[in-house]
Peer 1: 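Before I ask anything, let me first share the structure, which is written out below as structure tokens.
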2 protein chains.
Amino acid sequence: MNIYDIANRANVSIATVSRVINNSPKVSEKTRKKVLDIVDELGFTPNVFARGLGLNTMKTIGILCSDPSDIYVARALSYFEKMLRENGYDSLLCCSGYDTKNLKKYINILISKSVDAVIMIGSKYISSRDNKSLIRNTAKSLPILLINGFLNGENIYCSYYDDFNASKKCVNMLYDTGKRNLLFLYNSTSQSAKRKLDGFIKGCKESANLGNNFAALLCEENNIESILISLKQFTKENFIPDGIIAGDDFLAMIALKFAKQNSISVPENLAIIGYDNSIFSKVSYPELTTVDSKLFELCSHSVKTLLEVFDGQLPKKITILEPAVIERDTFKSKT
Amino acid sequence: MNIYDIANRANVSIATVSRVINNSPKVSEKTRKKVLDIVDELGFTPNVFARGLGLNTMKTIGILCSDPSDIYVARALSYFEKMLRENGYDSLLCCSGYDTKNLKKYINILISKSVDAVIMIGSKYISSRDNKSLIRNTAKSLPILLINGFLNGENIYCSYYDDFNASKKCVNMLYDTGKRNLLFLYNSTSQSAKRKLDGFIKGCKESANLGNNFAALLCEENNIESILISLKQFTKENFIPDGIIAGDDFLAMIALKFAKQNSISVPENLAIIGYDNSIFSKVSYPELTTVDSKLFELCSHSVKTLLEVFDGQLPKKITILEPAVIERDTFKSKT
DNA sequence: CTGTTAGCGCTTTCAC
DNA sequence: GTGAAAGCGCTAACAG
């Protein structure tokens, strides 16, 4: 069934049918109704390929992410799909895994599907010089949205939260409750992780004046066992922290596990602060104190920006949100 | 830039270019190379709409799920996207939320995008009579894959794991270690949840002969606070369980939290068994004993089936996998 | 092995 | 307010 069948049945031309389908104002109410009735009766849906061929758009957004089974990515995905659909856009999922080398391959896939824009979740992709110029280049043909990452360039829109400040703030809060041996636990070298690390170091060096009693532990192998081993080894070889800031709630959970396994009382002898205010932080016992990274706000702001771009407006290219510390059980600023 | 430009530059016809692009064997190596060189040089990508218009396929699979921020869905999604992409298919994401009433709307969206098949994650959709006939009807025009759900019908392929037996087995295992007051905790009335419940009841009634010392608690509001309150109220009004089987690891985590809050020792005074062998089960302390629901196997089997269908074969329509209990800390069959 | 050509279904000028 | 017709870029049947 196609537009011709409808036209025949309604005794109008295909042009008229097309106009009705696309809500063109220059159709009389009478013909509009006549056509619409037949469309409903036959359950006609216009062929997207034919339409796409003419308009060269499929109302589809490509979403590029590492892995949707990551709890942070999953949440972003959930928000995006919902908000995009509400605005008439489909989501084409493209998962690159954790290796950022083959960004080009995945961008090509999305381009070849003629998506209307690309949303990149996570700051991993902006790592290398090559990737940066690749992204800038891609942005020449379609808008690119960076979630939690920053890259300046034409047609590139970034939004992230100020994790540098968040980390610094956490250090100060820990210091204020008497913690003097701080550890930053992280498992990624993404832009965002670096900002957190920098904020941590800055806080330790300047505000808190901790001397050498702070360190950062990078867990290269991202599985629970290895991370626990790393922690054990670190505390043996260096110092035993009384405060841990973890790059995300998953790591914070492992820090908590470490504490329990070694009968360290939390938060009395070890305070733990996670990142992301994820389900982990609420399901655990004691519950995690965590930095709310404002993911929902980030996503909804990005969709708003995207719609403005499609609408021909020129929205702000960079948006930075202020995170907030959610105090629960693993650290309390007032004791 | 299109196929004509390439044809011009290569001094061949568009048909030849098309053949080269599609790896047709009937092109001489010489012309193939000539064309390919120009394609590379100009960075030409064939227009998917035009191709779709002719072939009426976009090599895209629609994935219908409730919400990718659900940990189980997220994992399935991750597996599917990867395996489908490896076989040249894109994934169009379509999230319906937890209300199964408007299945029709979402199926229409996918159909209107001319996906080549629909994968439905979760058994929620097969609830009502309307939905069943809707699915059967949709299957007339494209193959439908049900993950963890069952519905017989032409062109419908189901795979799920035997959660009836799994629950029954769990009951027996609990009984064997002396547990006599069993609670089944669940938050969904999906097919899968019902199978688990039925297995639980069957196990309690027949194998274990527990008398009336078993119960099932349905938590309608799926948030941690409400579930904790439900648990508290249940134990006050009924009996205090010494064994809990939870419909998924999330619920098991909450059961664990309940135990800790009330200083009930796990597994000595309360054994807990979750479902899905998710990240929750490994991140918690003590670690959760859980039923491995074989999600990866389910997904990879489904993709294999799908490819066979596309290939014109007639694969088995129903596949049932045998789950396994992963013993960790919250329950041990040998003490 | 290669070229010609007729669609695929829709949008959009341009006439009327 | 409506219709006729020219594409949009590609595939595949057919002819050579």
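Per chain, numbering begins at 1; letters A, B, ... match sequence-line order. These values consider heavy atoms only, across backbone and side chains, with no hydrogens, waters or symmetry-generated copies.
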Peer 1: Please report the shortest heavy-atom distance between A:Ile121 and A:Leu77, naming the atom on each side.
Peer 2: CD1-N, 4.2 Å
Peer 1: Figure out the CG/C1' separation between A:Leu53 and D:dT11, and round it to whole Å.
Peer 2: 12 Å
Peer 1: Expressed in angstrom and rounded to an integer, what is the separation of A:Leu55 atom CG from D:dG9 atom P?
Peer 2: 12 Å
Peer 1: Is the B:Tyr89 ring parallel, tilted or perpendicular to the B:Phe310 ring (thresholds 30°, 60°)?
Peer 2: parallel
Peer 1: Any donor-acceptor pair under 3.5 Å between the side chain of A:Arg32 and the base of D:dG1?
Peer 2: no
Peer 1: State, with a plain yes or no, whether a side-chain heavy atom of A:Arg85 is found less than 4.5 Å away from one of B:Cys94.
Peer 2: yes
Peer 1: OP1 or OP2 of D:dG9 versus the side-chain N and O atoms of B:Asn47: is any pair under 4.0 Å?
Peer 2: no
Peer 1: Would one find a side-chain N or O of A:Ser13 under 4.0 angstrom from OP1 or OP2 of D:dA4?
Peer 2: no
Peer 1: Closest-nucleotide mapping onto DNA chain C: is A:Ala15 or B:Pro25 further toward the 5' terminus? I mean the 5' end.
Peer 2: B:Pro25
Peer 1: Would B:Lys113 and A:Asp90 pass as an ion pair if we require N to O under 4.0 Å?
Peer 2: yes
Peer 1: Looking across every strand, which nucleic acid part, if any, lies under 4.0 Å from B:Phe49 by heavy atom: base, sugar-phosphate, or nothing?
Peer 2: nothing
Peer 1: Quick check for you: name the first and last nucleotides of DNA chain C, 5' to 3', having an atom under 4.0 Å from a heavy atom of chain A.
Peer 2: C:dG9 to C:dT13
Peer 1: Taking only Lys NZ, Arg NE, NH1 and NH2, and the carboxylate oxygens of Asp or Glu, determine whether A:Lys33 and A:Asp37 approach each other closer than 4.0 Å.
Peer 2: yes
Peer 1: Within a strict 4.5 Å, meaning less than it, do heavy atoms of the B:Asn47 and B:Asn2 side chains meet?
Peer 2: no
Peer 1: Heavy atoms under 4.0 Å, any strand shown: does B:Ile14 hit a base, just sugar-phosphate, or nothing?
Peer 2: base
Peer 1: 5'-most contact on DNA chain D: B:Val17 or A:Val12, nearest heavy atom basis?
Peer 2: A:Val12
Peer 1: Please report, rounded to the nearest Å, how far the C1' atom of D:dG9 is from the CZ atom of B:Arg19.
Peer 2: 16 Å
Peer 1: How many Å lie between CD1 on B:Ile6 and P on D:dC10, as a whole number?
Peer 2: 9 Å
Peer 1: What's the closest nucleotide to the side chain of A:Ser28 if the choices are D:dA5, D:dA13, D:dG1?
Peer 2: D:dG1
Peer 1: List the residues meeting side chain to side chain contact (heavy atoms under 4.5 Å, CB included) with A:Thr31, not counting sequence neighbours, and say none if there are none.
Peer 2: A:Val12, A:Val27, A:Ser28, A:Lys34
Peer 1: Between D:dG9 atom P and B:Met58 atom CE, what is the distance in whole Å?
Peer 2: 15 Å
Peer 1: What is the distance, to the nearest angstrom, from the CG atom on B:Asn22 to the C1' atom on D:dA12?
Peer 2: 10 Å
Peer 1: For a quick check of understanding: with a heavy-atom distance under 4.0 Å over all strands, which category does B:Thr16 fall into, base, sugar-phosphate or nothing?
Peer 2: sugar-phosphate
Peer 1: Ignoring hydrogens and angles, are the base of D:dC10 and the side chain of B:Tyr4 linked by a donor-acceptor pair under 3.5 Å?
Peer 2: yes
